[in-house]
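I have placed the structure first, in the form of structure tokens, so that the comments after it can refer back to it.
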Amino acid sequence: QVQLVESGGGLVQAGDSLRLSCAASGHTFSSAGMGWFRQAPGKEREFVATISSGAVSTYYADSVKGRFTISRDNAKEMLYLQMNNLKPEDTATYYCAARKIYASSWKSSSYDYWGLGIQVTVSS
């Protein structure tokens, strides 16, 4: 059974930083494309960042480019999202997601497994 468990969320002020972590188990993490998505209240879930299995390729939503960094540690089966210069509009529930194949993807429909999410709240 595949499990993805997010951690590291919380309440911060605008301009602060947070690092989200996602612990993966139950699938071959090292061969899986991974992604972060987020959903704000009353809005649809949106793409944040994605990384290929070997971390060769990464892609970001325009709204977070230059502020967020996605990374992974295949030996530890961990996915990370370093978030710097946080803004109130970054407030959302953040989800870790995994694919069954190596490639990265910005499409939520292409992901096979999802975590339960972690709340990030940025106050102004």
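Predicted, not measured: the structure shown is a model, and the values here were computed from it.
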Please tabulate, for the side chains in residues 114-122, all donor-acceptor contacts under 3.5 angstrom to protein atoms that are two or more places apart in sequence or on a different chain.
| from | atom 1 | to | atom 2 | distance (Å) |
| --- | --- | --- | --- | --- |
| Gln119 | OE1 | Thr93 | OG1 | 3.0 |
| Gln119 | NE2 | Thr121 | OG1 | 3.2 |

Flag, side chain of Thr50 to backbone of Ser104, donor-acceptor distance under 3.5 Å
no
Do Cys96 and Trp36 have side chains that approach each other closer than 4.5 Å (heavy atoms only, starting at C-beta)?
yes
Value rounded to 0.5 Å, distance of CZ in Arg67 from CG in Asp90:
4.0 Å
State which residues pass side chain to side chain donor-acceptor pair (under 3.5 Å) with Tyr94; sequence neighbours excluded, sorted by chain then number.
Arg38
Is a salt bridge present between Asp62 and Lys65, judged by a nitrogen-to-oxygen distance below 4.0 Å?
yes
Testing the basics here: between Ala98 and Leu4, what is the closest heavy-atom pair and its distance to 0.1 Å?
N-CD1, 3.8 Å
Between CD of Gln82 and OG of Ser71, what distance do you get to the nearest 0.5 Å?
8.0 Å
In terms of hydrophobic clustering (I, L, V, M, F, W, Y; side-chain heavy atoms under 4.5 Å; direct or indirect links), are Met34 and Tyr60 co-clustered?
yes
What's the separation between atom OG in Ser123 and atom CD in Gln13, rounded to the nearest 0.5 Å?
5.0 Å
Please tell me whether Leu81 and Trp106 are part of a single hydrophobic cluster in this structure, the criterion being side-chain heavy atoms less than 4.5 Å apart.
no
Are Leu79 and Phe47 connected in a single hydrophobic cluster, I mean Ile/Leu/Val/Met/Phe/Trp/Tyr linked by side-chain heavy atoms less than 4.5 Å apart?
no
Going from OH on Tyr102 to OG on Ser30, what distance comes out if it is rounded to the nearest 0.5 angstrom?
14.5 Å
Which atom names give the shortest non-hydrogen contact between Ala40 and Thr91, and what distance separates them?
CB-O, 3.7 Å
Membership question, hydrophobic clusters at under 4.5 Å side-chain separation (ILVMFWY): are Tyr95 and Val2 in the same one?
no
From Ser57 atom OG to Ile70 atom CD1, the distance as rounded to the nearest 0.5 Å
10.0 Å
Could you list all the salt bridge (Lys or Arg N to Asp or Glu O under 4.0 Å) pairs where at least one residue sits in residues 70-84, not counting sequence neighbours?
none
Can you tell me if Arg99 uses its side chain to pair, donor with acceptor, with the backbone of Gly33 under 3.5 Å?
no
Same apolar cluster: Tyr80 and Val48, side chain cutoff 4.5 Å
no
Beyond-backbone contact of Met83 with Leu20, side-chain heavy atoms, under 4.5 angstrom
yes
Asn84 and Ser17 have their tightest heavy-atom pair at OD1-OG, 2.9 Å
Just by distance, do the side chain of Asn74 and the backbone of Ser53 share a donor-acceptor pair under 3.5 Å?
yes
Could you go through the side-chain contact (heavy atoms from CB on, under 4.5 Å) check for Lys100 and Tyr113 one step at a time?
CA-CA 8 Å; Lys100 290 182 179 179; Tyr113 308 107; 3.2 Å; yes
Under 3.5 Å, side chain of Tyr111 to main-chain N/O of Ser105, donor-acceptor pair present?
yes
